[in-house]
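These figures come from a predicted structure and were not determined experimentally. Reminder, nothing fancy here: chain letters follow the sequence lines and each chain counts from 1. In what follows, every heavy atom counts, from backbone to side chain, and hydrogens, waters and symmetry copies are set aside.
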Amino acid sequence: MVENLVIVESPAKAKTIEKFLGKDFMVKSSFGHIRDLTKKEFGVDVKNNFEPDYIVSDDKKAVVKELKSLAKDAKTVWLASDEDREGEAIAWHLAEVLDINDEKVKRIVFHEITKNAILKAIESPRPINKNLVDAQQARRVLDRLVGFEVSPVLWKKVKPQLSAGRVQSVAVRLIVEREREINNFKPASSFRVNGIFKIVDKSGKETELKAELSKRFSNKADAEAFLQRSLKAEYAVENIVTKPAKRSPAPPFTTSTLQQEASRKLGYSVSQTMSVAQRLYEAGKITYMRTDSVNLSSLAINTSKAKITELYGEAYSKTRQFKTSSKGAQEAHEAIRPTYIDKETVTGTKQEQRLYDLIWKRTVASQMSDARLEKTTITIGISKTDEKYVASGEVIKFDGFLKVYTESTDDEEEKKNGQTILPPLEIGRQLDCIEVLAAQRFTLRPPRYTEASLVKKLEEQGIGRPSTYAPIITTIQNRGYVVKSDRPGEERKFVTLVLKNDNIKEETKTETFGQEKSKLFPTDIGMVVTDFLMKSFKSIMDYNFTAKVEEEFDEIAEGDLVWNEMIGDFYKPFHNLVEESLQHSEKANGERVLGSDPETGKQVSVKIGRYGPLVQLGETTDGENGEKPKFASLQPGQSIETITLDEALSLFRLPREVGEYEGKKVTVSIGRFGPYVRHDNKFISLSKTDDPFSVGIDRAVELIEAKREKDRKAVIKVFDEDNDLRVLNGRWGPYVSYKKKNYKIPKSTKPEELSFDDCMKLIKAADENPKKGRRKKQ
DNA sequence: CAGTGAGCGAGCTTCCGCTTGACTT
C-alpha cells in the first residue's frame with residue numbers, strides 16, 4: 001500500500017517525477033483523457049441542456065481499473081494533470097471516475113518538471129477549478145455538435161464518409177483559397193537593372209561590385225532607353241552611409257516553431273518531427289514536446305548561462321525570458337529544450353541526434369547576446385542620367401548568437417539576398433562599369449502551403465493545439481481533401497538587355513518557375529466541399545470563428561458565463577443552418593460545362609462522380625434517344641476547376657488501338673497506375689517520356705519485347721517437380737515464388753544452387769512460423 | 001493491378017484534444 005498516489009498525464013513524466021518524490025509517493029499516468037463523449041450515440045443531449053454523455057474509452061479501461069484500485073488504498077490522491085483547460089478536465093474526470101472521497105483528492109499543478117517546482121506544488125494544493133472544467137466541456141460539446149451535425153449534411157449533399165469540423169474545414173479552406181489565388185494570378189513583369197563595376201584596390205587587386213538601379217522599368221522600351229542613355233556614361237561614388245544594426249535571437253522552440261524549423265532545416269515532415277521528439281522526450285533528453293510556451297525554467301536559464309560562458313566567453317551570454325505572442329496559448333509547460341543543457345550531443349539515431357542538435361542550438365542561442373552589424377549603402381551616380389545605382393552590404397561586427405544558430409525563413413527570395421561584404425570605397429571615386437544588365441523579372445505568385453507553413457498559419461489564427469497540428473494534416477489528407485505532392489516547373493521566356501563595350505545586345509532566355517516539392521494541393525472534392533460549406537455554414541468557416549468561441553470559453557473559465565447557456569446561444573442559429581441546408585441545398589458535384597465537342601456537337605462537362613472526378617460527353621437527357629453519355633476519369637494532376645476543353649476531349653481518345661503484334665491487338669491507355677500498353681492480356685507500363693496519346697506500334701512492340709526480356713532474366717530457376725515453384729529475381733534481389741506467395745532466401749545460400757527440396761523446406765518453415773510484422777493486414 | 005458513372009435500400013461514416021503503443025513496411 002502506498003500513502004500517496006500522484007496522477008499525471010504522461011508516463012515519461014511520471015517516471016521523472018517519481019525520482020523527485022521519494023518512497024511515500026507512487027506516480028502513475030492517466031495517458032491523457034480517460035473519458036470522452038460516447039461515439040455510438042450523438043453524445044450530447046441537446047434537449048436537456050446539452051448534457052454530455054461520457055464513457056471511459058475502450059483503450060483506457062485497463063488504466064482506469066488500475067488507478068481505481070490504487071486510489072482506493074491510498075491516503076491521498078494527487079491529481080497533477082496539466083494546468084490548462086484540458087488538464088483541469090482530466091483531473092475532474094479522474095475525480096469522478098475513481099470514485100473516492102473528496103477529502104482524499106488534492107489538485108496540484110506545476111509548469112516545469114524540476115524538483116523544486118514539484119515540491120512547491122505539493123505544498124500548495126487547491127480544489128479542482130470547475131469553471132475551467134466547464135470551459136473544456138463547452139469546447140468539447142461545441143466540437144461534437146459541429147462535427148456530428150455538419151458531416152451528415154455532407155454525406156447527403158456531396159458524398160458519404162466526408163467530414164467537417166471547426167478545425168479541419170478551415171484548414172482545407174486555407175489551402176483551397178491559396179490554390180485559387182495561384183490559379184487567378186497574373187504575373188506582371190518589369191525590368192530590373194544591375195550594374196557590374198570594377199574596383200581596383202590599393203594593392204592593385206581587382207574585385208567586382210554589383211549594384212542595383214534604384215528604379216525598375218515597366219517595359220522593354222523604357223529599359224532600352226535607359227541603356228541608350230547609359231552609353232559612354234561615367235560613374236562615381238556619390239554617397240556611402242554606414243549604420244549600425246542589431247539582430248536578436250528567436251525564442252526557444254514551441255511545437256509549432258520546432259515543426260517549422262525541422263521542416264526547413266532538416267526536411268522532416270510534421271509528424272516525423274513529433275515522433276522523433278517523442279523518442280527524445282521518453283529517453284529524458286528533452287522536455288515535453290507538445291507546448292505553446294516559450295518560457296524557460298530558471299534552472300535552464302542558469303545552466304545555459306554557465307555553458308555559454310564556458311564555450312564562448314561571458315560576452316556571448318545574455319539571459320532572456322521570452323513572452324508568448326501566439327493567440328490562445330495556454331502555457332502549461334516549458335518551451336521545448338534539452339533536459340540537460342550542458343549536454344551538447346546525445347546518443348541515438350541520426351534523426352534523433354540532428355533534432356536534438358537543433359533544439360540545443362535554438363535554446364542556447366536564445367540566451368546569447370545580440371549580434372551587432374554594420375549596414376552599408378553605397379550610392380553610385382551616372383553622369384548622363386539621374387538614376388542611381390545602390391549597393392548594400394552587411395558586415396558582422398560581433399556575431400553573438402549567430403555563432404550558434406540562425407532561424408530560417410519560408411521566403412525563397414530572402415535567401416538570395418545574402419549579406420555581401422562591400423569593398424572599401426570613398427566618396428567621389430570614379431568607377432569603371434563592366435556591364436549593365438537589364439533583365440525581365442516576373443512577380444511571384446503566392447506560395448503553396450507546406451505542412452509546416454500550414455501549421456504556422458493555423459497557429460497564428462489560434463486554430464488547433466500543439467497536440468493536434470500533426471493529426472490535422474493527416475486528417476485532411478486521409479479524407480481526400482488535400483494531397484501532398486510535387487509539381488514540375490513550367491518554362492517561360494524572358495528578355496535581357498546587356499550593355500557591354502558600348503554595345504547593347506538583346507537576348508531571349510528561358511527560365512523554369514513554379515516548381516513545387518512536397519506542397520499541399522486541394523483535391524476536387526476538397527474544393528467542392530469547401531464551396532458547399534462556405535455557402536451553408538459561413539459562420540463556422542470564418543477564420544475568426546475559433547478565436548470568437550475561445551473568448552467565450554475564457555469567460556466561462558472566469559466564471560462570467562454559464563457553459564450550457566453559451567452552447568445554447570450557439571446551437572439555435574447553428575442548428576437552423578443545418579436544417580435549412582438539409583432541406584434546401586442542392587446536391588453539390590462541382591459540375592462545370594466546358595463547351596461542346598466539335599465533332600459531335602455534344603456537351604462536354606466535368607464533375608465529381610462516384611469514383612472521383614470525371615469528364616462527360618453528352619447529356620443524361622440524351623438518353624431518351626437511346627444514347628448514353630460517355631465518361632472518362634480525370635488524370636492525376638488534373639482538376640475539374642482548371643481542365644480545358646481540349647484536355648477533356650483528349651481523355652476520350654483512350655484506350656487507343658495502335659496496331660497488331662503477333663496477330664493480337666495492341667492498345668494504349670491510362671490506368672490506375674499510369675499509362676500502359678496492353679497486349680495479349682499483359683500490361684506493360686509506359687516510361688515517363690512516352691506520351692500515351694502518340695505512342696505508335698513500333699514503340700509499343702519495343703516495350704513488349706523489353707518486358708519479355710526482363711521477365712526471362714527474372715527467372716533464375718524452374719523445377720520439373722512443380723511448375724508453381726520458381727526462383728526469381730525481383731526488385732529486392734532473388735526470392736522464391738510458390739503459389740502466388742513469396743519467400744525470402746537466406747543470405748548464406750546461393751539462389752542458383754537451391755534444389756527443389758531446399759525450396760520446399762524454406763516454404764514450410766516460413767509458413768509454419770510467420771514472423772511478426774510479416775502477416776498481411778486482414 | 002490496369003473498371004467503374006442505372007437505381008434502390010440497408011448500414012455505415014463524422015468532431016477536437018489529451019496521451020501511447022500496436023500495427024505494418
Side-chain angles (χ1 to χ4, degrees), chain A residues 8-14 29-37 39 42-44 57 59-60 63 81-82 84-91 93 136 139-156 159-169 171 274-275 278-279 281-282 288-290 330 332 463-472 475 479 540 546 589 607-617 620 623 628-633 654-655 667-678 681-686 732 771-778:
Chain A
V8 296
E9 289 176 42
S10 142
K13 199 164 158 183
S29 147
S30 75
F31 294 83
H33 275 296
I34 50 157
R35 289 204 303 187
D36 192 14
L37 298 174
K39 241 178 148 168
F42 196 66
V44 178
S57 342
D59 53 336
K60 293 295 163 57
V63 182
S81 44
D82 300 340
D84 56 14
R85 209 159 60 201
E86 299 296 327
E88 202 67 20
I90 290 174
H93 280 296
Q136 193 275 346
R139 199 279 303 153
R140 181 66 193 92
V141 166
L142 179 118
D143 283 336
R144 171 56 64 88
L145 292 173
V146 172
F148 276 37
E149 290 214 0
V150 178
S151 298
V153 179
L154 294 179
W155 303 342
K156 264 212 156 134
K159 210 175 118 172
Q161 253 118 47
L162 294 175
S163 65
R166 172 177 59 85
V167 171
Q168 60 167 286
S169 297
M274 291 314 281
S275 73
Q278 174 91 28
R279 289 203 297 275
Y281 166 68
E282 283 169 9
Y288 196 56
M289 65 283 153
R290 291 187 274 261
Q330 307 199 8
I463 299 167
R465 304 275 313 128
S467 69
T468 60
Y469 295 137
I472 289 166
T475 302
R479 297 270 170 269
I540 306 287
T546 291
N589 59 14
K607 67 176 185 191
I608 293 185
R610 252 201 299 172
Y611 309 103
L614 59 81
V615 49
Q616 180 177 335
L617 181 61
T620 10
K628 270 189 196 172
K630 272 166 110 187
F631 299 98
S633 291
L654 295 173
T667 55
V668 173
S669 190
I670 302 180
R672 252 211 300 166
F673 307 97
Y676 63 92
V677 174
R678 183 178 185 161
N681 268 330
K682 287 204 176 74
F683 297 90
I684 303 128
S685 291
L686 290 181
W732 294 287
K771 271 187 199 150
K772 261 190 216 167
R774 290 213 130 251
R775 262 169 299 161
K776 283 231 162 125
K777 207 175 159 184
Q778 292 298 311

Any donor-acceptor N/O pair, A/Ser81 side chain to A/Gly87 backbone, under 3.5 Å: yes
Main-chain N/O of A/Arg85 paired to A/Gln330 side chain as donor or acceptor, under 3.5 Å: yes
Salt bridge (Lys or Arg N to Asp or Glu O under 4.0 Å) test vs A/Glu86 passes for just one of A/Arg290, A/Arg465, A/Arg140, A/Arg139, namely A/Arg139
Would you write the dot-bracket representation of DNA chain B, where each base gets (, ), [, ], | or . depending on whether it forms a Watson-Crick or G-U pair under 3.5 Å and with which partner? .........................
List for me each residue that meets side-chain hydrogen bond (donor to acceptor under 3.5 Å, both in side chains) alongside A/Ser169, sequence neighbours excluded, and say none if there are none. none
Are A/Lys13 and A/Asp82 ion-paired here, with the side-chain N under 4.0 Å from a carboxylate O? yes
Any side-chain N or O of A/Tyr676 under 4.0 Å from OP1/OP2 of B/dG3? yes
For the side chain of A/Ser57 and the backbone of A/Asp59, is there at least one donor-acceptor N/O pair under 3.5 Å apart? no
Rounded to the Å, how far apart are A/Gln278 CD and B/dC18 P? 14 Å
At 4.0 Å (heavy atoms only), tell me whether A/Ser30 reaches a base, stays on the sugar-phosphate, or touches nothing. nothing
Under a 4.0 Å N-O cut-off, is there an ion pair linking A/Asp36 with A/Lys60? no
For the base of B/dG3, is there a side-chain donor-acceptor partner from A/Ser633 under 3.5 Å away? no
Indicate, with a heavy-atom threshold strictly under 4.0 Å, whether A/Phe42 touches base, sugar-phosphate, or nothing. nothing
Classify every nucleotide of nucleotides 10-17 of chain B by which part a protein heavy atom approaches to under 4.0 Å, writing B for the base, S for the sugar-phosphate alone and - for neither, in 5'-to-3' order. --BBBBBB
With a non-hydrogen cut-off below 4.0 angstrom, is A/Ile90 in contact with a base, only sugar-phosphate, or nothing? nothing
For A/Glu9, is there any backbone N or O sitting under 3.5 Å from a side-chain donor or acceptor partner on A/Ser29? yes
If you pin A/Arg290 and A/Arg610 to their nearest nucleotides in DNA chain B, which one's is more 5'? A/Arg610
Take A/Ser10 and A/Phe31 through the test side-chain contact (heavy atoms from CB on, under 4.5 Å) and record every step on the way to the result. CA-CA 5 Å; A/Ser10 142; A/Phe31 294 83; over 6 Å; no
Starting at atom NE2 of A/His93, determine the distance to atom C1' of B/dT19, rounded to an integer number of angstrom. 14 Å
